[in-house]
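Below, all heavy atoms of this structure are taken into account, side chains as well, without hydrogens, waters or symmetry copies. Numbers restart at 1 for each chain; the letters A, B, ... are given by sequence-line order, proteins then strands.
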Amino acid sequence: MKIAVCAKVVPEQARRIDPETKRLDRSGEPTLNPFDTNAVEEALRLKGDGADAEVVLVSLGPERALDALRKALAMGADRVVLVSDEAAAGSDLVASSYALARALEREQSELVLFGQQANDSDGAVMWAAVADRLRRPLISQVAELTVSDGAVRGKRQTEFGYDVIEAPLPAVVAVSDAINEPRYPSLKGIMGAKKKPQETVSLGELGVEPERAGESGSRTEVYAVGGPPPRGETQRIEDDGSGAEKIVEFLLGRKAL
Amino acid sequence: VNTLVFLEHHEGELQKDSLGVLGKAAQLGGDASALIAGSGVEDLAAQAGRFGATKVYVADDPALEAPLPQPRVDVLGELIQKEGFGTVLFAATVLTADVAAALSARLDAGLNWDLVDLAQEDGKLVGKRPALDDTVYVDVGWKSEPRLALIRTGTFEPVETGGEADVEKVDVQLEDFSTVATMIEQAHEESEGPSIEDADVIVAGGRGLGGPENFALVEELAKALGGAVAATRAVVDAGWYPYSTQVGQTGKTVSPRLYIAVGISGAIQHKVGMQASNVIVAINKDPNAPIFEYADLGVVGDLHEIVPKLTELVRQRRAA
């Protein structure tokens with residue numbers, strides 16, 4: 001079985017939005033989106049010892065994202081395809097999902113996995129857009145996943161309890177971060193990762209028309225970045241052994257006890 | 001500008017957040033219409049009229065029985081193209097996030113998510129979105145129609161206008177790939193014991209507790225305070241505590257007088273379920289935990305040290 005894992009490289013500490021471009025400041029150390037490591041882990045679990053199984057990482061981002069994507073190779077993924085193109089900068093959901101779908105069409109995997117959300121944009125929407133573009137069934141928020149007899153079955157949590165949903169392969173599945181504990185790459189894995197295939201493709205190679213990429217392919221925009229939302233005063237203290245007493249004092253002061 | 005609101009329903013009830021968004025849509029100017037999609041849902045249309053819809057589209061089909069996203073995308077896609085709505089709004093849930101995102105791809109329509117407000121400014125629609133763990137507000141917009149938006153849980157309260165809506169049945173035509181995912185089982189748990197939604201004081205435990213056995217610390221403190229015990233999604237999914245106690249995006253939304261978060265990092269999914277609490281106290285060993293950004297009092301330290309002491313102090317005070 002071939003499994004594609006869609007992964008995003010995010011700045012380790014995204015603490016500001018550039019007032020000029022109104023885009024997220026991505027100058028921080030690039031790292032594999034932590035939620036995507038759950039998807040990588042699940043792909044590796046499904047692959048098991050299967051010699052004919054393959055786990056391929058598919059990502060959209062600048063070329064320097066490759067370094068961070070290698071973490072997934074070190075965990076055990078087989079190769080990386082990075083869609084990298086200056087024309088893709090500033091892509092919103094419409095433009096990104098289009099480019100990602102074109103890259104996934106090229107891979108023709110039986111299963112496409114996503115993590116629960118991107119921890120830079122808090123977006124939790126990409127999988128459904130990609131599934132629609134690929135015209136494949138979708139199961140999201142999956143906390144337990146099984147694959148058998150050409151079908152995928154996922155148990156997931158909703159506002160009302162648990163659902164169990166089944167879909168035939170090929171399918172798109174987004175996993176929750178409760179599904180597993182991602183492994184840490186071993187030293188051997190880290191050493192071996194550099195030798196694994198890492199391909200960079202341009203939008204042109206995927207047949208993505210320039211007008212469908214980047215800002216011209218996007219349908220949303222940012223007008224302004226404002227200050228923090230109004231919030232009462234917060235205070236933080238270090239526990240020096242008197243933390244419990246200080247909580248009681250605080251609660252008495254707020255008449256909350 | 002005509003707005004369409006997708007109304008989610010569960011066990012014969014339109015959901016409160018959906019109705020809240022409908023009320024907001026009615027205030028934006030223009031007509032606010034609603035779509036109800038399901039099986040045997042015609043009776044819900046009148047309810048939508050009472051909460052501000054001037055027109056209610058009803059897609060009633062056995063294929064829409066299970067709350068799965070893809071058939072709903074087909075219905076919405078057709079309806080929006082036929083009626084030409086300028087704006088389509090969703091109250092964010094597990095179901096609607098998938099519906100809105102897939103619809104964005106289907107129509108190449110812009111989607112802004114996690115909005116906490118919407119306003120007409122200089123003739124254009126502007127959405128307010130908190131970002132970077134809610135440390136900034138971003139004004140977002142759309143470059144073309146239809147404009148799609150997901151509104152954060154608990155943002156708008158429903159407004160009962162007592163109106164009456166025209167009801168129109170919608171033709172349901174589904175794509176092949178939209179109907180192959182099937183609902184095998186729905187286990188919708190009933191809550192047991194005192195409901196956390198009604199509790200005056202809540203003590204909530206997260207993954208920082210280290211293991212299910214340590215929930216005893218949380219239970220003892222809740223007992224001393226006369227409050228209820230809640231849990232985060234992470235520990236519920238891990239099987240440490242029952243689903244009925246879960247606070248957050250996919251759990252319950254609570255607003256007690258006092259909320260004490262023990263070993264909870266406080267990701268946005270949790271925050272939306274408890275941010276309306278009157279006083280929030282957090283105990284966590286990680287000084288960078290997001291919960292410290294919005295806790296009225298945050299204590300950085302070992303919960304195993306602090307919580308038993310706190311329980312004892314509260315007991316003494318209550319006994320006195």
Rounded at 0.5 Å granularity, tell me how far CG in A/L257 sits from CZ in B/R318.
6.0 Å
Portion of B/V235 that has a non-hydrogen atom of chain A nearer than 4.5 angstrom
neither
Which one wins on heavy-atom pair count under 4.5 Å against chain A: B/R233, B/K128, B/E175?
B/R233
Do B/Q269 and A/Q117 pass the side chain to side chain donor-acceptor pair (under 3.5 Å) test, and can you show the C-alpha distance, the side-chain angles, and the key distance before you say yes or no?
CA-CA 11 Å; B/Q269 290 77 8; A/Q117 74 194 82; 2.5 Å; yes
NZ/B/K16: more than 12 non-hydrogen atoms of other groups inside 6.0 Å
no
Counting heavy-atom pairs under 4.5 Å with chain A, the top scorer among B/G301, B/G298, B/P67 is B/G298
Could you tell me whether A/D149 atom CG has more than 12 heavy atoms of other residues or ligands within 6.0 Å of it?
no
At a heavy-atom separation under 4.5 Å, does B/A238 approach chain A through its side chain, its backbone, both, or neither?
neither
Using a cut-off of under 4.5 Å on heavy-atom pairs, state which of B/D98, B/V73, B/V140, B/V138 scores highest against chain A.
B/D98
Value for CD1 (B/I280) from OG1 (A/T234), rounded to nearest 0.5 Å, stands at 10.5 Å
Count the heavy atoms of every other residue, nucleotide or ligand shown that sit under 6.0 Å from CD of A/E209, and state whether that count exceeds 12.
yes
Just so I understand: if I count every heavy-atom pair under 4.5 Å between each of B/L313, B/T182, B/T93 and chain A, which residue has the most?
B/T182
Heavy atoms, side chains only, cut-off 4.5 Å: are B/L150 and A/V125 in contact?
yes
Under 4.5 Å, counting heavy-atom pairs only, tell me which of A/R136, A/E245, A/R156 racks up the most with chain B.
A/R136
Highest number of heavy-atom pairs under 4.5 Å with chain B: which of A/S140, A/A131, A/A143?
A/S140
So, B/D237 and A/K155, do they make that salt bridge, N to O below 4.0 Å?
no
When you look at CZ of A/R45, are more than 12 heavy atoms from neighbouring residues, nucleotides or ligands closer to it than 6.0 Å?
yes
Would A/E159 and B/V94 count as a side chain to side chain contact (heavy atoms under 4.5 Å, CB included) here? Give the steps.
CA-CA 7 Å; A/E159 292 79 4; B/V94 168; 3.8 Å; yes
Closest approach of A/Y162 to B/V236 (non-hydrogen atoms, all atoms of both residues):
OH-CG1, 3.7 Å
Please look at A/R135 and chain B and tell me whether the side chain, the backbone, both or neither of the residue comes under 4.5 angstrom of a heavy atom of that chain.
both
Honestly, the part of A/L252 sitting under 4.5 Å from a heavy atom of chain B is side chain
Examine whether an atom of B/E8 lies under 4.5 Å from a heavy atom of chain A, and if so say whether it belongs to the side chain, the backbone or both; otherwise answer neither.
side chain
Check each atom of A/L134 against the heavy atoms of chain B and say whether the ones under 4.5 Å are side chain, backbone, both or neither.
neither
Looking at side-chain heavy atoms only, is the closest gap between A/R153 and B/I184 below 4.5 Å?
yes
Once you round to the nearest 0.5 Å, how far does CG of A/D163 lie from CD of B/E185?
9.5 Å
When you look at B/I283 and A/I247, which way does the side chain to side chain contact (heavy atoms under 4.5 Å, CB included) test go after all the steps?
CA-CA 10 Å; B/I283 302 165; A/I247 293 173; 3.8 Å; yes
To the nearest 0.5 Å, atom CZ of B/F177 lies from atom CG of A/L138 at 10.0 Å
I'd like to know if B/D108 and A/R212 make a salt bridge, using a cut-off of under 4.0 Å between side-chain N and carboxylate O.
yes
Proximity of residues 303-311 of chain B to chain A, residues having a non-hydrogen atom under 4.5 angstrom
B/I306, B/K309, B/L310
Is B/Q186 in contact with chain A via its backbone, its side chain, both, or neither, using a 4.5 Å heavy-atom distance?
both
Sort A/I237 into side chain, backbone, both or neither according to what part of it lies under 4.5 angstrom from a heavy atom of chain B.
both
Which atoms of B/D200 approach chain A - backbone, side chain, both or neither, heavy atom under 4.5 Å:
neither
List the atom pairs, donor and acceptor, that lie under 3.5 Å between side-chain atoms in residues 99-107 of chain B and the rest of the protein, sequence neighbours left out.
unit_1	atom_1	unit_2	atom_2	d
B/S104	OG	B/A109	O	2.8
B/R106	NE	A/D132	OD1	3.1
B/R106	NE	A/D132	OD2	2.9
B/R106	NH1	B/D74	OD1	2.9
B/R106	NH2	A/D132	OD1	2.7
B/R106	NH2	B/D74	OD1	2.9

Side chains of B/E11 and A/F160: closer than 4.5 Å at any heavy-atom pair?
no
Assess whether side chain to side chain contact (heavy atoms under 4.5 Å, CB included) is satisfied between B/K124 and A/Y223, documenting all intermediate values.
CA-CA 11 Å; B/K124 64 185 176 190; A/Y223 298 132; 3.7 Å; yes
From the list B/Q15, B/R129, B/M183, the residue making the most non-hydrogen contacts under 4.5 Å with chain A is B/M183
Hey, which of A/S97, A/G123, A/A124 has the most heavy atom pairs under 4.5 Å with chain B?
A/G123
Output for pair (A/L93 CG, B/L148 CG), nearest 0.5 Å, gives 9.0 Å
What's the spacing between A/E221 CD and B/N112 CG if we round to 0.5 Å?
9.5 Å
Heavy-atom contact with chain A under 4.5 Å, split by part of B/Q246:
side chain
Heavy-atom cut-off 4.5 Å, strictly under: side chain, backbone, both or neither for B/W142 against chain A?
both
Among the options B/L297, B/L111, B/V314, B/L258, pick out the one with the most heavy-atom pairs lying under 4.5 Å from chain A.
B/L297
If you count heavy-atom pairs under 4.5 Å between each of A/E166, A/M126, A/R254, A/E238 and chain B, which one has the most?
A/E166
